[in-house]
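As structure tokens, the structure follows; a few thoughts come after it.
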Amino acid sequence: MKHFSIATWNINSVRLRLPLVLSLLEDQAPDILCLQETKCPNDLFPTKELKKRGYEHIEIHGQKGYHGVAIISKLPLESVSSIDFCEMGDTRHISAIARAGERAIRVHNFYVPAGGDEPNREINPKFAHKLDFLEEMKALHAEAEQDSGVSSILVGDLNIAPLETDVWSHKQLLKVVSHTPIETDGLNEVQARGAWVDLMRQHIPAEEKIFTWWSYRARDWDVSDRGRRLDHIWSSADLSPALSNVTVMREARGWERPSDHVPVFARFNF
DNA sequence: ATGGTAGTCGAACTA
């Protein structure tokens with residue numbers, strides 16, 4: 001039996017929260033950690049500190065000030081690439097193939113545009129960008145490299161909460177960006193067309209509420225609990241039978257100077 | 001219905 005684990009976390013500045021990242025890696029020791037919103041140019045990424053702790057394989061795609069994604073891995077990474085969705089030059093995607101025992105797995109790490117406040121593509125260019133980004137994601141197939149023996153995992157901040165139980169109030173969020181029908185339908189279509197399995201919902205029944213994000217603006221996030229499930233872990237169908245556990249690390253939202261997103265873990269027994 | 005907070009980078013932008 002071979003174990004494999006992967007985590008995803010929108011860190012909202014990797015430099016500001018490097019101590020939290022290091023303690024997470026020490027305590028949980030995932031094979032791979034995918035970060036979003038690193039907000040860090042490539043030449044300033046804290047590569048040395050991560051390598052020192054056994055994460056020797058690091059692939060980053062960052063820019064100054066905004067966005068930015070990174071794959072931090074104990075396992076060797078190869079065939080690294082980024083897709084420039086919507087050809088905006090944004091650093092919102094990176095992927096690489098990891099070798100986990102006998103298996104080869106392409107890991108896609110996404111930071112989907114948030115989409116602004118107004119859920120109307122005619123008046124809000126950010127919402128139009130989000131919908132266009134989703135449209136391009138539909139071309140991404142979980143079995144794209146199956147013929148060469150490569151499975152797929154897709155993780156990241158997808159900025160959409162697809163199910164009614166992925167938000168604190170379905171009714172009150174139907175017109176709020178992240179849970180509008182055009183977005184949830186779009187994400188469902190990305191999943192269906194690409195033959196992706198939602199591993200969080202494979203492990204945690206759809207009747208049960210799950211949140212991975214709580215706004216900084218809520219005065220008491222834990223008590224009011226107005227969260228959303230914006231972060232996701234998907235895989236190709238061949239990996240889903242090997243899933244052993246999914247954990248949403250809710251307590252991370254209560255840490256000192258927290259990210260507004262918490263880490264999500266998927267663990268496999270191959 | 002509005003405004004509430006956080007981060008980057010040093011005003012205004014994004015979330």
Side-chain angles (χ1 to χ4, degrees), chain A residues 8-22 24 34-46 60-70 84-93 109-121 123-134 155-162 166-169 171-180 182-184 186-187 211-232 249-264:
Chain A
T8 180
W9 194 10
N10 178 319
I11 192 63
N12 187 18
S13 173
V14 68
R15 284 174 288 173
L16 190 67
R17 276 182 257 286
L18 182 61
L20 298 186
V21 173
L22 296 178
L24 184 85
C34 292
L35 296 177
Q36 304 87 33
E37 279 206 274
T38 54
K39 296 187 174 177
C40 183
N42 291 343
D43 54 335
L44 297 177
F45 197 87
I60 55 183
H61 186 42
Q63 66 186 84
K64 186 178 168 184
Y66 310 105
H67 320 316
V69 287
D84 184 12
F85 287 88
C86 302
E87 296 184 346
M88 312 248 313
D90 287 349
T91 53
R92 296 182 177 275
H93 170 265
N109 180 11
F110 273 93
Y111 176 50
V112 172
D117 287 332
E118 195 58 53
N120 178 348
R121 74 175 304 145
I123 61 169
N124 175 9
K126 289 183 197 164
F127 196 69
H129 178 210
K130 186 177 196 173
L131 298 181
D132 293 345
F133 195 104
L134 282 179
V155 306
D157 176 5
L158 305 185
N159 264 316
I160 296 172
D166 291 336
V167 291
W168 64 275
S169 167
K171 270 177 75 175
Q172 288 178 81
L173 287 172
L174 270 171
K175 291 177 176 169
V176 173
V177 172
S178 74
H179 194 61
T180 65
I182 192 165
E183 293 169 86
T184 57
L187 191 67
F211 310 142
T212 65
W213 172 90
W214 293 261
S215 172
Y216 282 128
R217 296 173 190 176
R219 69 184 82 256
D220 195 340
W221 73 272
D222 198 16
V223 173
S224 61
D225 200 22
R226 296 185 168 193
R228 305 177 202 169
R229 182 171 74 111
L230 303 180
D231 302 275
H232 298 266
M249 211 168 177
R250 182 183 170 108
E251 65 267 33
R253 186 62 180 79
W255 291 348
E256 187 116 354
R257 292 264 257 166
S259 170
D260 46 355
H261 295 252
V262 299
V264 183

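Throughout, protein chains are lettered first and strands after them, A, B, ... in sequence-line order, and every chain is numbered starting at 1.
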Between N or O atoms, less than 3.5 Å apart, protein on one side and nucleotides 6-8 of chain B on the other: list the pairs.
from  : atom 1 : to     : atom 2 : distance (Å)
B/dG7 : OP1    : A/R17  : NH1    : 2.8
B/dG7 : OP1    : A/R17  : NH2    : 3.1
B/dG7 : OP2    : A/R257 : NH1    : 2.6
B/dT8 : OP1    : A/S13  : OG     : 2.5

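Across the protein-nucleic acid pair, A/H129 atom NE2 and B/dA15 atom C1' stand 14 Å apart, rounded to whole Å. Going from atom CD1 of A/I11 over to atom P of B/dA15 covers 18 Å, rounded to whole Å. Between the P atom of B/dT5 and the CG atom of A/D220 lies a distance of 14 Å, rounded to the nearest Å. Between the CG atom of A/D90 and the C1' atom of B/dA15 there is a distance of 13 Å, rounded to whole Å. If you take CD of A/Q63 and P of B/dC13, they are 16 Å apart, rounded to a whole angstrom. Here B/dT14 presents its P atom at 14 Å from CG of A/N159, a figure rounded to the nearest Å. In this entry the distance linking CD1 of A/I160 with C1' of B/dA15 reads 15 Å, nearest Å. Between the CG atom of A/D117 and the P atom of B/dA1 there is a distance of 16 Å, given to the nearest Å.
With respect to A/D157 and A/R92, no salt bridge is recorded, no charged nitrogen being found less than 4.0 Å from a carboxylate O. The pair A/K126-A/D117 does not meet the salt-bridge criterion, since no charged nitrogen lies less than 4.0 angstrom from a carboxylate oxygen. A salt bridge links A/D222 with A/R250: the closest approach of a Lys/Arg side-chain nitrogen to an acidic carboxylate oxygen falls below 4.0 angstrom.
Judged by closest nucleotide on DNA chain B, A/R219 is the one of A/H261 and A/R219 placed further toward the 5' end. Between A/N10 and A/A218, it is A/A218 whose nearest contact on DNA chain B lies nearer the 5' terminus.
Looking at every heavy atom in both residues, A/G89 comes nearest to A/Q63 through O-OE1, 4.0 Å.
For A/H129, the ring-ring contact (aromatic ring centres under 6.0 Å, His included) criterion is met by no residue, not counting sequence neighbours.
Counting non-hydrogen atoms under 4.0 angstrom, A/R253 reaches nothing in the nucleic acid.
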Run the salt bridge (charged side-chain N to carboxylate O under 4.0 Å, His left out) check on A/R253 and A/D260 step by step: do they pass? CA-CA 6 Å; A/R253 186 62 180 79; A/D260 46 355; over 6 Å; no
Verdict with reasoning, A/K39 to A/N12, per side chain to side chain donor-acceptor pair (under 3.5 Å): CA-CA 7 Å; A/K39 296 187 174 177; A/N12 187 18; 2.9 Å; yes
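Comparing B/dA1 with B/dA12, their C1' atoms sit 25 Å apart, to the nearest whole Å. Comparing the P positions of B/dT14 and B/dG10 gives an interatomic distance of 15 Å, to the nearest angstrom.
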